[in-house]
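Letters A, B, ... mirror the listed sequences (proteins, then strands); counts begin at 1.
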Amino acid sequence: MQTSAIHFALPVETPVGTFHARYSLAGLCGLDFPTKKTDKAEPPKAAEQVPGRVQHWHAKTSRALKESLAGKVPKSLPPLDLSAGSAFQQQVWAALLEIRFGQVRSYGEIAEALGKPKATRAVGTACGSNPVPVFVPCHRVLAAGGGLGGFSGGLDWKRRLLQLEGIALRESA
DNA sequence: TAACATTCCGCGC
DNA sequence: GCGCGGAATGTTA
């Protein structure tokens, strides 16, 4: 649903594995969790000709990601290029960015915030399309009542990220 | 047209 | 009162 633009893929090594960041000429446009299944070393196109600008962003991404994984709030993030999504998706992602550290919203809350309280399901779909997990806190979105909901990159990651923020799931005790 | 990372309402126990 | 099943609702591929 979109013409593919030129991207640059760079690895980000962290204590929990190697993430893969993708950049467009506008900013960070994608981030992938480390997968056990060996990353299929998809040859980054022109990884050698990475603009200095991108390398600079990558440095920020790397640092911000590590801070996030350490349970801290990133001091500064690289510019995010979310132009890949549809208008609705971008609205959702923007709403997610407003969620503060340690805060949680439900899919319904997000939908309501967009003025479409009935679009809860759509919000879920949009979150699933979120290209930049962690920075765009799709993990802070839970189902109504504190349910976990789902997560594209693996539910265990969602759990882990929530735990880092001290968010308790299902207050049951 | 079918599928989705949800919700809500109603009925049965 | 709690739990389960089914229908509704918006967006995307």
> Can you check the A/K116 NZ to B/dT6 P distance for me, whole Å?
Replying inline: 19 Å

> Ignoring hydrogens and geometry, is there a side-chain-to-backbone donor-acceptor pair from A/R140 to A/I99 under 3.5 Å?
Replying inline: yes

>> Expressed as a whole number of angstroms, how long is the span from A/E112:CD to C/dG10:P?
In response: 14 Å

>> For A/A64, is there any backbone N or O sitting under 3.5 Å from a side-chain donor or acceptor partner on A/S68?
In response: yes

>> Rounding to an integer number of Å, can you tell me how far A/L155 CG sits from B/dC4 C1'?
In response: 15 Å

> Going hydrophobic residue to hydrophobic residue with side-chain gaps under 4.5 angstrom, can you get from A/L31 over to A/V16?
Replying inline: yes

> Are there more than 12 heavy atoms of other residues, nucleotides or ligands under 6.0 Å from atom CD of A/E13?
Replying inline: no

> So which nucleotide from B/dA5, B/dT7, C/dT11 ends up closest to the side chain of A/S152?
Replying inline: B/dA5

> Got a sec? Which of residues 119-127 of chain A come in under 4.0 Å of DNA chain C, heavy atoms?
Replying inline: A/A119, A/R121, A/A122, A/T125

>> Reading DNA chain C from 5' onward, which residue's closest nucleotide shows up sooner: A/K118 or A/S129?
In response: A/K118

> For A/F19, what residues pass the ring-ring contact (aromatic ring centres under 6.0 Å, His included) criterion, not counting sequence neighbours?
Replying inline: A/F33, A/W157

>> From CG of A/L96 over to P of B/dA5, roughly how many Å is that when rounded to an integer?
In response: 16 Å

> Rounding to a whole Å, what distance do you find between A/F88:CZ and B/dC4:P?
Replying inline: 18 Å

> A/Q90 has an atom CD; how far is it from atom C1' of C/dT11, in whole Å?
Replying inline: 14 Å

> How many Å lie between CG on A/L114 and P on B/dT7, as a whole number?
Replying inline: 14 Å

> Given the side-chain rings of A/H139 and A/F151, with only the six-membered ring counted for Trp, is the space between their centroids under 6.0 Å?
Replying inline: no

> Is the shortest heavy-atom distance from the side chain of A/V123 to the side chain of A/F88 under 4.5 Å?
Replying inline: yes

> Which is true for A/G128 with a 4.0 Å heavy-atom rule: it touches a base, it touches only sugar-phosphate, or it touches nothing?
Replying inline: base

> Can you check side chain to side chain contact (heavy atoms under 4.5 Å, CB included) on A/K72 and A/F101, steps first, answer last?
Replying inline: CA-CA 9 Å; A/K72 298 179 182 179; A/F101 184 91; over 6 Å; no

>> Taking the minimum atom-to-atom distance to the side chain of A/A144, which one of B/dC8, B/dA5, C/dT12 wins?
In response: B/dC8

>> Does A/Y107 reach a base, just sugar-phosphate, or nothing at all? Heavy atoms under 4.0 Å.
In response: base

>> Stem list for DNA chain B, please, built from Watson-Crick and G-U wobble pairs under 3.5 Å and keeping only runs of at least 3.
In response: B:1-4 with C:10-13, B:6-13 with C:1-8

> Within the distance-only criterion (no hydrogens, no angle test), does the side chain of A/E112 pair as donor or acceptor with the backbone N or O of A/P117 below 3.5 angstrom?
Replying inline: no

